[in-house]
Every structure is written in structure tokens, then in C-alpha cells.
Amino acid sequence: MLGLRVDPSEYEVPFFKEMGFVRVRGESCGEYYWTLDPDRFREPQDVPCVDYWFDSIPSRGGLSVSDARRVFIDFFVRRGHTYVPPRPVVARWREDLYLTIASIVVFQPHVTSGLVPPPANPLVISQPSIRLEDIDNVGLTLGRHLTSFEMAAHHAFNYPDKHIYWKDETVRYAYEFFTKELGIPGDLIVFKESWWEGGGNAGPCFEVAVGGLELATLVFMVYKVVDGRYEEIPIKIVDTGYGVERISWFTQKTPTAFHAIYGNLVEKFRDIIGVDRPDELLLKAAFKAAGKLEPKDPASIESFYSRVSSIAGVDVEYARRTLVNEARLYSLLDHTKTLALMLGDGIVPSNAGEGYLARLVARRALRQLRLLGSNARLSDLVDLQISFWGGDFPQLVENRSYILEAVELEESRFKESIERGLRVLEREVRRKGSVSVGDLIKYYDSMGVPPEIVAEVASKMGIRVEVPHNFYSMVAAMHRAPPTIKPGYAGIEVEESVARWASNLGATRKLYYENPYLKEFESTIAGVMGNYVVLDSTAFYPIGGGQVYDVGLLIAGDRVYRVKRVFLVGDVVVHEVEDASGLGEGIKVRGVIDWRRRYKIMRHHTATHVILAAARRVLGPHVWQAGAEKTEEKGRLDITHHKPLTEEEVRRIEELANMVVDERRPVKVYYMDRGEAESKLGFTIYQGGAPLVRTLRIVEIEGWDVEACGGTHLANTGEIGGIKIVNVERIQDGVIRLEYIAGTRVVDRVEELEMKLGSIASIVGAGRGQEVERVKALASSLEGLEVTLKAYRSLWLKALREELARTSPVKGVRILVVESPERDRSFIQEALRRLTEEFADSLVAVVYSVGDQTGVEIACGSSATRIVNVGSLARSIAEKLNGRGGGSESYGSLTVKGRVDVERVKEVLEELL
RNA sequence: GGGCCGGUAGCUCAGCCUGGAAGAGCGCUCGGUUUGCACCCGAGAGGUCCCGGGUUCAAAUCCCGGCCGGUCCA
């Protein structure tokens with residue numbers, strides 16, 4: 001904890017001296033903070049050091065969430081900050097995060113690393129953010145924890161050569177905002193010294209709290225965290241975070257944050273779900289007691305209830321019951337908004353990836369509904385949220401039908417999995433009569449039935465189940481596994497020595513970008529290591545962006561070198577040749593790429609963009625690329641979608657795509673500044689991921705599709721020549737894979753199918769065009785043969801039966817040993833069973849041959865089993881004949897290598913009897 | 001990306017541990033009972049035991065690989 005050993009001078013700003021702030025150490029918390037009134041404030045003013053008491057602090061009144069946001073933004077715009085619109089809650093521009101968890105995430109890592117300048121400097125933003133780590137505490141703490149919140153922030157990025165502002169100004173802004181804009185008395189504002197870390201950065205910070213409520217965190221980002229160590233970064237960043245919901249709560253002074261955030265929605269939800277309105281006094285008491293509540297500690301929760309009951313003068317049980325239900329109501333308010341935001345930004349619920357996070361929220365909400373015994377539909381609640389927040393987040397209204405459909409689907413899936421789980425539970429409980437903690441984990445972990453539902457069902461069956469309070473952390477502990485990171489560069493594993501060598505060479509000039517139709521080129525070797533060759537310039541495309549590398553030839557003088565693989569190390573294109581002997585730095589070479597192969601790849605690549613845009617038009621804007629691969633053989637595109645595609649949808653996508661082919665739309669490639677591209681073109685350009693570069697390469701199919709893409713493309717969609725979708729499958733929950741071929745590959749495909757059809761035709765002996773009729777005829781003749789076979793089998797069986805009837809018993813057993821033309825073991829078995837059932841005193845053996853082996857099946861009837869054990873008989877016969885065998889007392893079988901005569905079997909059998 | 005659970009009749013599942021004849025309930029068909037329906041009684045049809053390989057005299061069962069579904073975690 002370096003944070004605790006920060007030099008105290010880090011926190012001394014001129015403003016504090018000027019105003020008369022004093023640095024104090026908290027009496028019980030032990031933390032340092034700055035205050036104007038050290039006699040009054042013996043602790044920093046945030047929970048759990050003190051209780052909530054901001055309800056008695058005068059301030060500007062009644063700001064809704066929208067008001068609070070507007071007031072904040074206006075204040076900073078008036079003070080020279082540029083407003084930047086918020087980003088989606090799904091962090092598509094980042095590879096290391098699923099969700100936007102703070103405003104600074106918007107600028108990490110491209111701006112914070114210095115690669116790209118910020119869109120404005122200084123700037124102000126209000127960023128909707130989602131954090132799920134405290135999801136289990138939401139509701140219980142009356143608003144201290146939320147899964148979604150807006151982080152209002154002003155940021156200043158200080159470059160070595162361009163200083164904007166730093167600690168002193170930031171603290172002044174905070175003080176001025178809280179006193180002048182919100183009307184809070186300055187002597188009540190307390191700045192606590194602290195340390196902040198997140199998203200790979202760190203630095204000292206102030207937590208600004210008033211009356212128990214932390215309203216803002218002012219972070220001064222000066223470090224980058226590398227392997228647990230702090231490295232100073234060149235850009236010093238002011239990273240503030242003001243809680244919009246908390247400002248709203250503070251000014252409205254409602255008993256919970258939810259009343260402030262959701263206004264009349266609280267009572268609407270209460271009515272629909274059916275939660276009794278609690279006593280006003282009880283809620284006020286809860287407000288007073290909530291500050292000390294430590295939600296992870298069951299004892300603390302208990303003492304919270306008893307404190308509330310004594311403040312409000314009500315029964316503890318009543319307080320507990322009421323507050324438990326209130327917490328569920330509040331978490332439903334919270335979760336439905338979060339869910340709407342997630343789905344509104346295009347997340348498709350799934351069992352993996354960010355889709356799982358949406359499912360997690362949906363399922364927790366559904367669990368709360370169930371615990372409340374409510375029949376309310378989750379989708380109705382989400383619908384109310386869409387209407388309530390539609391003005392602030394228009395994407396909710398635009399995607400309303402998708403959001404509601406996805407929620408309904410989650411609702412029915414949840415019900416199904418609970419029902420499925422409960423069936424198993426009931427069976428097992430009936431059998432075992434108890435439910436262990438291990439069982440609870442199994443029901444939850446592999447069947448999705450939460451422990452409280454298990455307990456509820458078990459108690460109906462008269463079994464008490466104790467749910468451990470740390471249940472969910474027990475489950476989490478089971479899943480702890482070290483992440484595996486594969487070394488490699490863009491899909492190819494490269495030895496580190498090669499990577500090091502290559503990165504020391506200069507950037508390769510990329511001829512494949514200058515002219516994607518370039519087939520041959522002249523260049524000079526920049527370096528050779530083993531069989532790896534780097535050129536000054538190349539038309540060979542290295543693997544990347546889902547497009548495979550080119551192959552071809554390097555020609556030096558009269559020697560020809562085959563290029564096997566091509567990959568990128570940083571800005572350097574590395575060619576792996578079959579045998580590089582004779583090549584060396586400075587040698588001039590001519591490169592020839594396998595153009596026919598490359599052209600197919602280009603067709604499949606451009607086709608991929610066409611298909612993705614077609615799928616978005618047919619299925620909806622929530623469709624997002626989840627992966628893609630373009631090879632010579634085919635194109636492959638994985639898209640996010642919540643349900644399987646119908647044949648009709650596939651057909652429409654294909655039709656639309658081919659329409660774009662026929663329209664001969666130009667494909668334009670140009671470069672654009674990252675910030676400009678994001679604001680002009682939107683985040684949908686990041687279908688293939690978000691490369692960490694300052695300037696994006698944009699591939700635009702005129703009027704159809706725009707994506708950031710590093711691949712080689714056709715100049716016109718007409719060149720695709722036609723697209724055929726050849727395979728559609730669901731590869732995972734919420735992800736659908738499309739495979740398709742383009743251009744001349746369609747001809748290959750037709751040829752392939754014709755060949756297949758031709759060989760089928762020749763096998764069945766049909767002429768051209770007669771295949772179907774012929775196969776039909778064959779099928780019906782096969783059917784006839786089966787009937788015939790059945791008839792012959794019954795004839796054979798009848799013959800055996802007659803023979804058996806003629807056989808007289810020896811020592812009480814009728815013995816029959818016959819040879820069989822049948823090779824079907826299961827039929828012989830069945831026949832023997834039937835015969836021995838009919839003749840209880842019989843023992844029948846059938847000898848048959850399979851390949852170069854002889855098999856014997858023996859069965860005996862019920863009275864014969866008292867005299868002979870056929871299983872051990874079979875084993876004994878096998879021993880005598882050097883074979884192997886065994887069986888049960890009424891049935892046995894054995895096999896012997898080579899031919900064995902029936903008479904010989906009979907001999908051995910009689911001998912053994 | 002990883003862990004766990006599952007795939008047997010139209011449906012819900014048992015059998016698998018410990019290899020040796022493919023099962024139950026519901027549904028379906030037919031018949032009986034009944035004024036009629038439901039109930040009840042009787043009979044019957046219905047199976048690629050997910051696929052492939054291995055072990056074995058013998059695999060739904062054991063082993064390996066794959067496919068599909070569910071679920072939890074990151």
C-alpha cells in the first residue's frame with residue numbers, strides 16, 4: 001500500500017492555506033483530511049466514519065438526476081471546459097474491459113498514454129457507467145451502492161510542454177461548485193486524503209464528503225502501474241468523478257438515493273411489484289442508521305435492523321421484514337435501469353463474455369422478483385425505465401423493441417432453468433432427505449438455481465437448509481484460475497528472439513495499402529534472421545484483422561524463395577521463407593504474391609463487410625461482429641444475436657448482400673483521426689476491435705458500411721461477383737456464425753456439388769437427372785429386402801423350433817447346436833432368447849463366423865439354468881478352443897480365432913456337460 | 001477464455017457407480033366402463049441409448065476424441 005506512504009506535501013494546496021483549511025487525523029478512522037472546522041469534525045465526513053446527516057444541511061433544493069447533470073456541465077462549461085458527449089456503457093474501444101466503469105475509461109489507454117490528444121482540454125463529461133462488483137449490496141445500503149451511475153467529471157491533461165491546471169485549481173473548482181452552485185456551507189466540506197488506482201493508472205486523490213455522503217473524488221493521476229510497480233507517466237491527468245446521483249440525493253434529501261434518482265418510478269414499481277409502503281419514520285431511521293452498515297458482514301446487518309427499530313420505535317422483526325423488501329424493491333429499480341442501458345448499447349445476453357454480465361443483472365433482478373413473491377414481468381419494469389430515461393439516453397427508445405424482446409427471452413430462460421433445476425432437486429431431496437452445502441453449490445453452479453430458492457423448495461418438503469452467508473464467495477472461489485496468455489503476434493506464435501530482432505529494424509513500407517491490387521514488386525532486403533526476411537517495402541499482407549497472410553515468391557537473381565507465412569512485429573512485416581540461404585541484407589529481390597489466392601481473400605473480406613451491414617439491417621443494430629476470418633476458401637463472420645436465425649432471415653441477408661454486389665458500390669479507403677472518426681462515424685466502426693493507433697484506416701462501402709479495418713479490399717462491391725451463405729450455426733449462446741463464399745469460389749462449390757451428385761449417380765447407377773428417382777427406387781427395394789429378410793429369419797427360427805421339439809432331453813436338458821448363416825449377433829441373441837423361453841429345458845448354441853473368427857452364442861431356458869450355468873460353460877468352451885468368452889447364467893458368448901466346425905463345438909460342449 | 005452438469009420413447013426422466021434381455025410416468029392408438037366428459041381398467045404402437053474411436057467374448061454402462069444443450073465464473 002504505497003498510497004499510505006505518500007508524502008503529505010502531495011496534499012498541500014495553496015487554496016487550503018488561503019482559506020484556512022487545517023489538516024487533521026481522524027480520531028477513530030486514522031485518516032488525514034482537511035477541514036475549516038477541526039473542532040467540529042473529528043472524523044472525515046463520509047460513511048462509515050460518520051452517519052448520514054446531510055438531510056439537515058442547507059443546500060440548493062430538489063435537483064433531479066438530469067438537473068444535477070446539467071448544473072454540473074454548465075458550471076464547468078462556464079469555466080472554460082468543453083462539453084464532450086458520453087460514450088456507450090459497453091467499452092467497445094477497449095480490449096481489456098467489457099463495461100465503461102468510469103469517465104476516465106473513455107480516454108484510456110489511447111489518450112492517457114499520449115498516443116492521441118484528448119477531444120478537448122480541459123473538458124467536462126457526464127459518463128453513464130456500470131460496475132457490477134457490489135451488485136449484492138445494491139438496495140440494502142439505501143443508495144451507497146448502485147450498479148449504474150453517471151460519473152460527472154472534468155478532466156485536464158497536462159503535457160510536459162502544455163500545462164492546463166493541476167491540484168490547486170481542481171480543489172478550488174470543487175469548493176466553488178459545492179458552495180456557489182449547490183449552496184452547501186463551505187465549513188461543512190471535508191477533503192480526505194486518499195490514493196486511487198484503476199485501469200492501469202494511479203495517483204493521490206481527495207475524497208470530498210459532506211454530511212456523511214462522498215460527493216466527489218479528485219484524482220491526480222501521475223503513475224502507470226506496471227507489474228505492481230508505479231512508473232511516473234509523462235502526462236499528468238486531473239481525473240475527477242462527481243456522483244450525479246449523489247448530488248441529486250444530497251439536494252433532495254430523500255431517505256434513500258433511489259427516491260431521488262427514480263422519483264415517481266419508485267411508487268409505480270411498488271404498485272406493480274406489490275411491496276407495501278413502509279412507515280416514513282422507519283425509512284428516516286434507516287437513513288440515519290445506514291451509514292454504519294457493512295453489507296458484507298451479517299452481524300452488521302443485524303445491528304442495522306436493531307438500530308433502526310430502536311430509532312423508529314418499532315418491532316425489530318417488522319423493521320427487518322420491511323427493509324429486506326425495500327432493499328429488493330430498490331435493487332429492482334437499479335437493475336432494470338442497468339439492464340436497459342446494457343441492452344440499449346447492444347449487448348446480447350449470453351453465457352459468456354459481456355453477454356453474461358447482462359444475464360447476471362437480469363437473473364439477479366428476476367431473483368428479487370421471485371423473493372418478493374411477485375408476478376410482475378421484468379420486461380414491464382424495464383419498459384418503464386426506458387420511458388423514464390428515454391430523454392437522457394435516446395438509445396433506449398431507439399432500441400426499445402430489441403431490449404424488451406431480449407428481457408422477455410431472459411425471463412423465460414430463467415424460468416426454464418429454475419424449473420429444470422427444481423425437478424432434479426426434488427428427486428434428489430426425496431432420495432437423500434437432505435441438502436448439503438455442496439448440493440447448494442451444485443444447484444447454483446451447474447443448474448443456475450440460487451440457494452434461496454433451494455431453501456424455499458426444500459422447506460416445503462420439510463427440510464431445513466442453512467445457506468452460508470458467504471455462499472457466493474464460496475462459488476467464486478471455485479472458479480479462481482490463473483488466466484492463460486498465449487504469446488504471439490496477431491495470431492501467430494513467434495519466438496521472442498525473432499520479435500526482438502524484427503522490432504529493431506525500420507518500419508516496412510506497406511505496398512499492399514498503397515495499391516491492394518499490386519501483384520509484383522521490387523524491393524531490398526533490410527535484414528535476414530534464420531528463415532525470416534524483412535524487406536524495405538512489401539506487397540505481402542501479414543496476418544491480421546481476421547485476414548490470412550499472403551503466400552508467394554521472393555526472387556533474387558536466378559534463385560526463387562517460397563514465402564510460407566507473413567506476420568507483423570510492430571510496424572515491421574516479417575516474411576518466413578522455406579529456405580533463406582543465399583539471402584542477405586542489401587540484396588535486391590522481386591516479390592510475387594499468389595494473386596489468385598489473394599484475390600479470393602479480398603473478395604471474402606469485402607463480402608464480410610457487406611454481410612455484416614446486411615445482417616445489421618435485417619436483424620437490428622444490436623448485431624455486432626464477434627469474430628471473423630477470411631481465407632482463400634471462405635469467409636466466416638460471427639455476429640451477436642439473441643436467437644437462432646430463421647431461414648427467411650438468412651435468405652434476406654444473402655439477398656441484400658447480393659443486391660449490394662450488383663449495385664457495384666465503390667469501396668473507399670481513407671485515414672481519419674481517431675477522435676474525429678469516433679464522433680463522425682460512431683463506435684460501430686470498431687467491429688473488428690479497436691486498434692491502439694492515432695489514425696484509423698477507414699474502409700467505407702459507399703452508403704452501406706463504414707469500419708476501421710486494416711485489410712486489403714476490392715475497389716468495388718461488384719468485384720465480389722456474388723455471395724452464397726453456405727453455413728449458419730449457433731456457436732455459443734448469443735453468437736451466430738455465418739460462413740459464405742464469394743466470386744469464383746461459388747463456381748468451385750457448384751463443381752464440388754456436381755461431382756458429389758455425379759458419384760452418387762454412378763453408385764446408384766442412374767443417368768443424369770435421374771438420381772432422385774433412382775434413390776427413391778433403391779430405398780423402396782431396400783425396404784422390400786428387409787421384409788424378405790424378416791421372413792427368412794422367421795423361417796429359420798421355425799426350423800430350429802421344430803428341431804428342438806424333436807430333440808430328446810439328456811440328463812434333463814435338450815441340447816441343440818447348430819450352424820447359422822446369420823452374422824447379426826443381436827438377431828441371434830434375440831432368436832435364442834425366444835427359443836429358450838419356449839423350451840424351458842433347452843440349451844441352444846449357435847455357431848457362426850465373422851471374418852476369420854468363429855462366434856458361438858449359447859442360451860438356456862429357465863429350468864435348464866438350474867442344471868447348467870451357461871456363462872461359465874461359455875468360458876470353459878472358450879478355454880478348450882483357445883478362445884475367450886463369458887456371460888450370465890442364462891446367456892453366454894465366445895469367439896475363437898479361425899474356423900471351428902459345429903461338430904467340434906458340439907463335442908466340447910457335451911464333454912463339458 | 002475457463003470450470004461444472006447434462007444428452008436414453010413425442011415429453012419428463014430411471015438404468016451408468018458395480019458391463020451380460022431397453023425401462024417407468026405422462027402423452028398417443030385401440031378396447032372396456034360411462035347418457036356424455038373426466039376418472040378408472042385392459043391392450044398396443046413408439047428407440048441410431050448424441051456421434052466417432054478404443055477396451056471387452058459382450059458397452060446405454062468403462063476409456064479417449066468430437067458435437068450439442070444448460071449453468072457458473074473471469
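If you're wondering where the values come from, they're calculated on a predicted model, not measured in any experiment. Sequence lines set the chain letters: A, B, ... in the order given, protein chains first and strands last, and positions in each chain run from 1.
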Strictly by Watson-Crick or wobble contacts shorter than 3.5 Å, is anything paired with B:rU35, and which nucleotide is it?
none
Enumerate the protein-to-nucleotides 44-54 of chain B contacts in which both atoms are nitrogen or oxygen and the separation is below 3.5 Å.
none

Which nucleotide, in any strand shown, forms a Watson-Crick or G-U wobble pair with B:rG1, with both distances under 3.5 Å?
B:rC73
Select base, sugar-phosphate, or nothing to describe what A:Arg363 touches, counting heavy atoms under 4.0 Å on all strands.
sugar-phosphate
Would you mind reading off the distance between A:Arg359 atom CZ and B:rA74 atom P, rounded to a whole angstrom?
15 Å
Grab the OH-P distance between A:Tyr848 and B:rC57 for me, whole Å please.
13 Å
Nucleotide opposite B:rG44 in a Watson-Crick or G-U pair, distances under 3.5 Å:
B:rC28
With a 4.0 Å cut-off, would you call A:Glu907 and A:Arg904 a salt bridge?
yes
For A:Glu419, answer base if it contacts any base atom (sugar-phosphate contacts may also be present), sugar-phosphate if it contacts only those atoms, and nothing otherwise; contact means non-hydrogen atoms under 4.0 Å.
nothing
Counting the atoms with a prime plus P, OP1 and OP2 as sugar-phosphate, which does A:Tyr98 contact under 4.0 Å by heavy atoms, base, sugar-phosphate, or nothing?
base
Identify the pairs formed between an N or O of the protein and an N or O of nucleotides 11-13 of chain B at a distance under 3.5 Å, and give each distance.
{"unit_1": "B:rU12", "atom_1": "O3'", "unit_2": "A:Arg423", "atom_2": "NE", "d": "2.9"}
{"unit_1": "B:rU12", "atom_1": "O3'", "unit_2": "A:Arg423", "atom_2": "NH2", "d": "3.3"}
{"unit_1": "B:rC13", "atom_1": "OP1", "unit_2": "A:Arg423", "atom_2": "NE", "d": "3.1"}
{"unit_1": "B:rC13", "atom_1": "O3'", "unit_2": "A:Arg427", "atom_2": "NH2", "d": "3.3"}

Taking all non-hydrogen atoms of both residues, which atom of A:Val89 and which atom of A:Asp345 are closest, and how far apart?
N-OD2, 2.7 Å
In terms of heavy-atom contacts, A:Leu140 and A:Pro295 come closest through CD2-CB, 3.9 Å
Rounding to an integer number of angstrom, what distance separates B:rA38 and B:rU71 when you compare their C1' atoms?
40 Å
Is there a donor-acceptor pair closer than 3.5 Å between any side-chain N or O of A:Thr854 and the backbone N or O of A:Val900?
yes
A:Trp93 and ring pair (Phe, Tyr, Trp, His ring centres under 6.0 Å): which single residue from A:Phe683, A:Tyr686, A:Tyr98 fits?
A:Phe683
So does A:Arg377 pair up with A:Glu411, basic N to acidic O under 4.0 Å?
no
Nearest whole angstrom, please: distance from the C1' of B:rU56 to the NZ of A:Lys897.
12 Å
May I ask you to decide whether A:Lys415 forms a salt bridge with A:Glu419, counting only side-chain N to carboxylate O separations under 4.0 Å?
no
In plain terms, say whether A:Glu354 and A:Arg92 are close enough for a salt bridge, that is, a side-chain N and a carboxylate O under 4.0 Å apart.
yes
So which pairs with a foot in residues 430-455 of chain A pass ring pair (Phe, Tyr, Trp, His ring centres under 6.0 Å), sequence neighbours left out?
A:Tyr444-A:Phe471, A:Tyr444-A:Tyr472
Mapping A:Gly353 and A:Leu894 onto RNA chain B by nearest heavy atom, which one lands closer to the 5' end?
A:Leu894
For atom CG of A:Leu357 and atom P of B:rA74, their distance in whole Å
8 Å
Taking atom P of B:rC72 as reference, at what distance in whole Å does atom CZ of A:Arg364 sit?
14 Å
Would a distance-only check, ignoring hydrogens and angles, find a side-chain to backbone donor-acceptor pair under 3.5 Å from A:Ser863 to A:Ala840?
yes
Does a side-chain N-to-carboxylate-O contact under 4.0 Å join A:Asp136 and A:Lys296?
no
Residues two or more places apart in sequence or in another chain: which of them pass ring-ring contact (aromatic ring centres under 6.0 Å, His included) with A:Tyr402?
A:His622, A:His642
Whole-Å distance, A:Ile828 CD1 to B:rA21 P, equals 17 Å
Regarding the side chain of A:Arg413, the nearest nucleotide among B:rU71, B:rG69, B:rA21 is B:rU71
In whole angstrom, what separates A:Asp733's CG from B:rU71's P?
7 Å
Across the strands shown, which category fits A:Ala874 at heavy-atom distances under 4.0 angstrom: base, sugar-phosphate, nothing?
nothing
Nearest whole angstrom, please: distance from the C1' of B:rC57 to the CD1 of A:Ile858.
11 Å
Distances under 3.5 Å only, N/O to N/O: pair up the protein atoms with those of nucleotides 18-20 of chain B.
{"unit_1": "B:rG20", "atom_1": "O6", "unit_2": "A:Gly887", "atom_2": "N", "d": "3.4"}
{"unit_1": "B:rG20", "atom_1": "N1", "unit_2": "A:Gly887", "atom_2": "N", "d": "3.3"}
{"unit_1": "B:rG20", "atom_1": "N2", "unit_2": "A:Ser893", "atom_2": "OG", "d": "3.4"}

Check whether A:Phe839 forms a cation-pi arrangement with A:Arg814 (NZ or CZ under 6.0 Å from the six-membered ring centre, at most 45° off the ring normal).
no
Give each protein N/O atom lying under 3.5 Å from an N/O atom of nucleotides 3-9 of chain B, with the pair distance.
{"unit_1": "B:rG3", "atom_1": "N2", "unit_2": "A:Asp445", "atom_2": "O", "d": "3.3"}
{"unit_1": "B:rG3", "atom_1": "N2", "unit_2": "A:Asp445", "atom_2": "OD2", "d": "3.3"}

Under 4.0 Å, heavy atoms only, any strand: does A:Leu360 hit a base, just the sugar-phosphate, or nothing?
sugar-phosphate
